[in-house]
Amino acid sequence: MGRGGARDAGSLRLMRMSALFLRTLRDDPADADTDGHRLLLRAGLIRRVASGVYAWLPLGRRVLSRVEQIVREEMDATGAQELTLPILQPLDLWARSGRDAAYGPLMFRLHDRKEAGFCLSPTAEEVITTLVASEYSSYRDLPVTLYQINWKYRDELRPRFGLLRSREFLMKDAYSFHADAEDLQRTYEELSDAYGRIFTRCGLTWRAVEAQAGEMGGDTSQEFMAVAAVGEDDFVWCPSCDYAANVEAAKRRSPDRHDGTVDAPAMTVIDTPGLPGIAAVSEHLGVPESALLKCIVVAIDGDDGPRLGAALVPGDREVNEFALARALAPHAVRLLDDDDFAARPELPRGYLGPHHPAFDVVLADPTVDADHGWVTGANEADRHVRDAVVSRDFQVDQWVDLVSVAPGDPCPRCGSALAVDRGIEVGHVFQIGTKYSEPLDARYQDDAGDQHPMVMGCYGIGVSRIVAAVVEEHHDDGGLVWPAALAPYGVHLVVLPGRGESGEAVRAAAEQLYDTLQRAGIEVLYDDRDASPGVKFADADLLGLPVRLTLGAKGFARGIVERRRRATGVDDELPLDGVPAALRA
RNA sequence: CGGGCUGUGGCGCAGUUUGGUAGCGCGCUUCGUUCGGGACGAAGAGGUCCCGGGUUCAAGUCCCGGCAGCCCGACCA
C-alpha cells in the first residue's frame, strides 16, 4: 500500500546509520521557536537555508513522502486526478483574474530575459482554470476534479515557527469544475470527508470549522484545524454539539435585548482627565469594564463618499471586524487609523461616545440594550458620561451581533457554553463558484446550447505544514514520537556488540537480523555505528521511530532481542529467531 | 512598516566596554583506554570574525553605510 509505493521517494527500505546523511544536534538551535521546529532541526530532518526556506534531509524527505502518499491515496479514492502545474507562472494570467494586485508583495515576482513578468505560484486557480477552459467546453465533460502536490511560494511578512509559516511550502491543491452548485456541493462534501480521513491517518487531532465567508459573499468554506497551542488561529467549538467555527466567523446565540424602560438618573458628564481607554476609566471610576460602552469608529465607503459609523459593544468585549463588515456589506469598512484621527479633531480619541453628531450610522450589539445606563465617552477630551441610556441619550440605527465570540458564550445551535482553542490550519475547502471561471472565461455549453461559467471548488492541504503540526502534537522531552503512518522507518535496530569475545557474534547476529527484517518487508534503520550505548539510545529517542529493537551481548546470549515502543516506553523481549513474526503480532 | 536584539569554525556561545594578530563547549579526525542511557585521556583539522568603506602603526573590537537573522508590535478608543 502506501509504504514503499512506486512514487515514494523513500522507496529504499533500509538504511545503515553509518551511511545515512544525518547529523543530530545535541544543543538546541538558537532560532527554533517551537518544540516541533527545534526537534525537526535537532533530529536532522530539515535545515534552514534562508528565512522561511528549508532543505529536507533524507529522514525528513521520507516523512514528507509519507504524508504525500496518504494525501494521494485519499484524493485518488475520490476520483480526483493528479497532474502537475508549473510553479513558474506568467503574471499576465494573474492580471486577468485581478489577483496580481490583490496579492501584492505576498507574491514572489521575477522577470525573464525579455522582461516578461512571472511569479512563483502561491496557488494555482488561474493556471488550472485557464487550462480546463481550453480543454473542456461541454456539460458532458463535467464534473472533473484535478489536483497537484507541488511547492508553493509566499513572501510572508514574517516567516516563523519553522515549517508552520514558511515562504516555500508543499501544498496539495485541488480544483473541481461543475455545471451547477448542487454538483459542486456533492464533490465538496466528498473531499471534506477525504480530508478528515487524511488528517486522522496522519495522527492529528483535528477539527473542521466554519470559516469566514469569502469577500464575494455566499461562498461556503471550511477550515481544518490541527489542535495545537502554537497555532496561529483561534477557533470556537461546542462541547455539546458539532458546531465549530474560526473566531472570525463564529457566532453565538444572539442575546435578548432588554427593550424596556431603564431606571437610571439623567446622564451626567464626569471629568476623566488623561484617561483614554476602557481599562483606565474602569479603574478610575471603580466600575467593571462590562459597565462601559465601547465605541469603535469606522469609515464606510458609501456610494456618495465615505461615511462615519460607530460600533457599540460592552467594554469587556471586542468587536468582530468581520461581523461588522458583514453587517455593512456591500460597503467596504475600515477602522480609523492614526492619520484619520489626526485629520478629524472633532473626534477625541479615547473619549468617544455614541451620541456624536458626526456618526452617520450607529450599530450596536444586542447586549448594549441593557437594563442599565452606560459609562461612555463624552465626545470631548478628558470627559466621559455616566448613565447613558439607549434611546433616551443615544440612538441605535441597527442592532446586530458585533462582539467577537469568547469562551463561555452560548452555542448558536444548542446554547451550551462555547470553548475556544488554538489550531494550525492544515486544510481549507472552498466553494468558490464562478469567481475565476467568469474573468478567465471557463465556460461550458449546456444541453440547450447555452453558455454558462463553470462552477468551481478549491481545496488545499498544507503537506509540509502537516509534518510540522504532527511533530507539535507528537513529541516528548526525549524527542520526536512518530505515528506509525508517518515514521521515516518502522523499526530502529540498535546493536550493542560490547567488548570481548561475543562482540563479533553479536554484530553478526544484528547484521543477519537486519537482513531478515528487510526480507520480511519491514523498513528498518540500523544503528551500526561504533558509538556508545548512550549515544545510540539518545539518538533513537530523538528520531522517534515507533519501535526500537536492541540486540546486545546479554540478550544475544539468551537468544532474545529487546523491543521498546517509543510512544509508551514499554519494553518486552522477542525471540531472536522470530522477530518479523513477533513484530507483526 | 515601527520598536528591540543579534551576526565570531558544522551547532551553541565568550571575546567588543578599555584596539595589539581569535577562544570555550559540543560535533569532526587520529591513537589509546572504555562499552546497556549522550564515557575518558592525548594529539589534531577546521574561521573571508555578515558585507563595503573609513579612522589607526595596528580593527572581531572604534566610526559611517549596507545586508541578513531573530523577537515583539502593526486598529479595540
Side-chain angles (χ1 to χ4, degrees), chain A residues 21-34 37-38 41-42 44 47-53 57 104-105 157-162 272 275-282 289 292-299 310-321 324-325 333-341 344 347-354 356 365 375-379 381 384 402-404 477-479 494-500 502-503 506-507 527 529-542 548 550-557 561-562 564 569 571:
Chain A
F21 183 63
L22 171 73
R23 177 117 301 141
T24 57
L25 304 178
R26 191 178 290 208
D27 297 320
D28 285 339
D31 292 343
D33 26 37
T34 69
H37 186 202
R38 182 172 61 78
L41 289 165
R42 278 194 57 207
R47 288 288 182 259
R48 198 186 73 92
V49 171
S51 177
V53 179
L57 310 190
L157 205 54
R158 190 173 151 201
R160 63 179 124 181
F161 303 146
T272 49
L275 292 174
I278 296 289
V281 175
S282 163
E289 296 191 353
L292 274 70
L293 187 61
K294 186 183 283 187
C295 180
I296 306 286
V297 189
V298 293
L312 310 180
V313 296
D316 60 339
R317 302 302 295 254
E318 295 193 351
V319 170
N320 180 337
E321 258 186 85
L324 187 58
V333 182
R334 68 178 174 79
L335 283 95
L336 298 196
D337 59 23
D338 292 347
D339 294 340
D340 295 317
F341 278 105
R344 288 176 169 272
L347 298 178
R349 192 175 200 174
Y351 299 95
L352 288 165
H356 198 292
D365 190 80
V375 172
T376 189
N379 292 318
H384 279 75
L402 287 180
V403 304
S404 270
D477 292 344
V494 174
V495 61
L496 301 177
R499 264 287 182 233
S502 65
V506 173
R507 190 173 278 279
D527 193 346
R529 298 174 300 173
D530 183 22
S532 73
V535 168
K536 291 187 173 190
F537 289 147
D539 274 344
D541 289 345
L542 180 59
R548 186 185 82 197
T550 306
L551 181 54
K554 293 173 202 156
F556 175 67
V561 184
E562 293 155 72
R564 172 171 290 191
D571 291 311

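The chains referred to below are lettered A, B, ... by the order of the sequence lines, with proteins before strands, and numbering in each begins at 1.
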Across every strand shown, the nucleotide meeting Watson-Crick or G-U wobble geometry with G73(B) (both distances under 3.5 Å) is C1(B)
Paired to C13(B) by Watson-Crick or G-U wobble criteria (both distances under 3.5 Å) is G23(B)
### Message
With rounding to the closest Å, how many angstrom separate the C1' atoms on U56(B) and G73(B)?
### Response
42 Å
Nucleotide by nucleotide, nucleotides 6-15 of chain B touches protein heavy atoms under 4.0 Å in the pattern (B base, S sugar-phosphate only, - none) -----BSS--
Inter-nucleotide P distance (C1(B), G47(B)), Å rounded = 37 Å
Taken in chain and number order and not counting sequence neighbours, the residues that satisfy side chain to side chain contact (heavy atoms under 4.5 Å, CB included) with P159(A) are S51(A), E156(A), R167(A)
By nearest-nucleotide position on RNA chain B, the 5'-leaning member of Y351(A) and D530(A) is D530(A)
note: L22(A), atom CG; G27(B), atom P; distance rounded to Å ~ 15 Å
message = Mind checking if G552(A) touches a base, just sugar-phosphate, or nothing, with heavy atoms under 4.0 Å?
response = base
Is the shortest side-chain N/O distance from S532(A) to OP1 or OP2 of A39(B) below 4.0 Å? yes
With sequence neighbours left out, the residues meeting side chain to side chain contact (heavy atoms under 4.5 Å, CB included) with I278(A) are E289(A), L292(A), K294(A)
I296(A) has its side chain closest, among C76(B), C35(B), G69(B), to C76(B)
Requested in this report: Would you indicate what R564(A) reaches in the nucleic acid, counting non-hydrogen atoms under 4.0 angstrom: base, sugar-phosphate, or nothing?
Outcome: base
Side chain R42(A) and base G38(B) donor-acceptor under 3.5 Å: yes
- Message: In whole Å, measure the gap between the C1' atoms of G46(B) and A39(B) for me.
- Response: 24 Å
Sorted by position of nearest nucleotide on RNA chain B, 5' first, the leading residue of F537(A) and R48(A) is F537(A)
When the P atoms of U34(B) and A22(B) are compared, how many Å lie between them, rounded to an integer?
39 Å
Looking only at side-chain N and O atoms, does R26(A) come under 4.0 Å of OP1 or OP2 in G38(B)? no
